[in-house]
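Heads up: the structure comes next, in structure tokens.
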Amino acid sequence: MSKRDKYHETVKEALIREGWTITHDPYMFQTDPKLATDLGAERLLAAERGYERIAVEIKSFLRSSQVVDLEEAIGQYALYQLFLHQSDPERQLYLAVPRHALDNILSREVGRVAIEGLKVNVIVYSLADEEPLLWKPQ
């Protein structure tokens, strides 16, 4: 299990502000060695539709090379997606990234191709207080 990301609480609080209930912190997989995403959450969408459930992997993109951060994030996302599909296929996996990652590496060719080609669900969080999350795809 990895250590908590620097902005773990920022993302957690933003999800709670948007009506999500944090169900797992971290969301553990039954694997050897142990793997975990940072959060599991759910929210009631409507009485007829039941609950929407997500798992969230939070990344900071603070290294000097955002390409290295992207490679690590995409690798973890792909691995967690495989295990989530086996253990909890109705839960959607999201990669939470800061606004500066969206404005930089994810807006450039390498980031766009990776995110779109691998169909990565992205949550963009702001380091400024209480800005709403940006969901991609929405």
Side-chain angles (χ1 to χ4, degrees):
M1 180 171 62
S2 64
K3 65 180 181 178
R4 285 190 169 183
D5 191 271
K6 181 174 182 174
Y7 299 116
H8 182 96
E9 291 302 318
T10 300
V11 175
K12 184 176 173 179
E13 290 169 12
L15 287 168
I16 291 169
R17 277 194 310 274
E18 292 193 3
W20 291 90
T21 299
I22 304 301
T23 58
H24 301 79
D25 185 5
Y27 181 92
M28 301 293 298
F29 295 105
Q30 300 299 315
T31 58
D32 180 25
K34 292 290 185 196
L35 296 175
T37 64
D38 292 303
L39 296 171
E42 66 183 16
R43 73 176 171 184
L44 184 62
L45 294 176
E48 299 83 34
R49 293 176 61 188
Y51 285 89
E52 179 179 11
R53 299 181 310 153
I54 62 174
V56 181
E57 178 60 20
I58 302 167
K59 293 297 176 195
S60 298
F61 284 80
L62 295 175
R63 292 185 188 151
S64 59
S65 171
Q66 288 197 338
V67 172
V68 172
D69 284 333
L70 179 65
E71 290 171 339
E72 179 182 295
I74 293 295
Q76 283 183 306
Y77 184 92
L79 186 61
Y80 297 163
Q81 183 73 350
L82 291 171
F83 286 106
L84 192 61
H85 182 71
Q86 288 180 345
S87 63
D88 195 354
E90 293 184 14
R91 189 178 295 268
Q92 292 292 312
L93 180 61
Y94 279 85
L95 179 65
V97 302
R99 168 63 80 180
H100 66 87
L102 177 67
D103 294 341
N104 294 311
I105 192 66
L106 297 184
S107 295
R108 298 175 72 180
E109 181 183 9
V110 169
R112 283 194 319 267
V113 168
I115 296 300
E116 292 171 13
L118 298 171
K119 300 183 182 356
V120 176
N121 297 319
V122 176
I123 301 172
V124 180
Y125 61 91
S126 174
L127 300 180
D129 287 337
E130 302 195 11
E131 283 193 26
L133 297 169
L134 176 61
W135 297 76
K136 294 182 167 280
Q138 295 192 359

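Treat the numbers as computed from the prediction; the structure is a model and nothing was measured. One-based numbering along the sequence shown.
- Note that NZ of Lys34 is 5.5 Å distant from CE of Met28, once rounded to the nearest 0.5 Å.
- Closest heavy-atom contact between Pro89 and Ser87: CD-C, 3.8 Å.
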*Residues Val56, Asp38; criterion side-chain contact (heavy atoms from CB on, under 4.5 Å); working and verdict*: CA-CA 6 Å; Val56 181; Asp38 292 303; 5.7 Å; no

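- Val67 is linked by a side-chain contact (heavy atoms from CB on, under 4.5 Å) to Ser65, Glu71, Ile105, counting only residues two or more places apart in sequence or in another chain.
- Contact record, Pro98 with Lys59: CD-O, 3.2 Å, taken as the closest heavy-atom pair.
- Listed by first and then second residue, the side chain to side chain donor-acceptor pair (under 3.5 Å) pairs involving residues 99-113 are Gln66-His100 (not counting sequence neighbours).
- Once rounded to the nearest 0.5 Å, the distance linking CG of Leu70 with CG of Leu106 reads 6.0 Å.
- We find the CD1-CG distance between Ile16 and Leu39 to be 8.5 Å, quoted to the nearest 0.5 Å.
- Across all their heavy atoms, Leu35 and Thr31 have their closest contact at N-OG1, 3.0 Å.
- Pairs of residues two or more places apart, or lying in two chains, that qualify as salt bridge (charged side-chain N to carboxylate O under 4.0 Å, His left out) and include a residue from residues 79-90 are Arg53-Asp88, Asp88-Arg91.
- A ring pair (Phe, Tyr, Trp, His ring centres under 6.0 Å) with Trp20 holds for exactly one of Tyr51, Tyr94, Trp135; it is Trp135.
- The minimum heavy-atom distance between Ala41 and Thr23, with the atom names listed, is N-OG1, 3.6 Å.
- Here the closest non-hydrogen pair linking Pro26 and Thr37 is CB-O, 3.2 Å.
- The distance from atom CG of Leu95 to atom CD of Gln81, rounded to the nearest 0.5 Å, is 11.0 Å.
- Clustering ILVMFWY residues whenever any of their side-chain heavy atoms sit less than 4.5 angstrom apart, transitively, puts Ile74 in a cluster other than the one holding Val68.
- Considering only residues two or more places apart in sequence or on other chains, Gln86 meets the side-chain contact (heavy atoms from CB on, under 4.5 Å) condition with Phe83.
- Proximity of Ile54 to Leu93: side-chain heavy atoms (C-beta onward) are nowhere separated by under 4.5 Å.
- Neither Leu84 nor Leu82 shares a network with the other; the hydrophobic side chains, linked directly or stepwise wherever heavy atoms of I, L, V, M, F, W or Y lie under 4.5 Å apart, form separate groups for each.
- From Ile123, atom CD1 reaches atom CD of Glu57 across 11.0 Å, with rounding to the nearest 0.5 Å.
- The two atoms that bring Lys12 and Asp25 nearest to each other are NZ-OD2, 2.8 Å, heavy atoms only.
- Remark: Arg63 pairs with Asp69, Glu72 by the salt bridge (Lys or Arg N to Asp or Glu O under 4.0 Å) rule, at least two apart or across chains.
- With rounding to the nearest 0.5 angstrom, the NZ atom of Lys136 is 12.0 Å from the CG atom of Asn121.
- Residues that satisfy the ring pair (Phe, Tyr, Trp, His ring centres under 6.0 Å) test with Tyr27, not counting sequence neighbours, are His24, Phe29.
- Residues meeting the side-chain contact (heavy atoms from CB on, under 4.5 Å) test with Ser60, sequence neighbours left out: Asp5, Lys6, Tyr7, Leu62, Tyr125.
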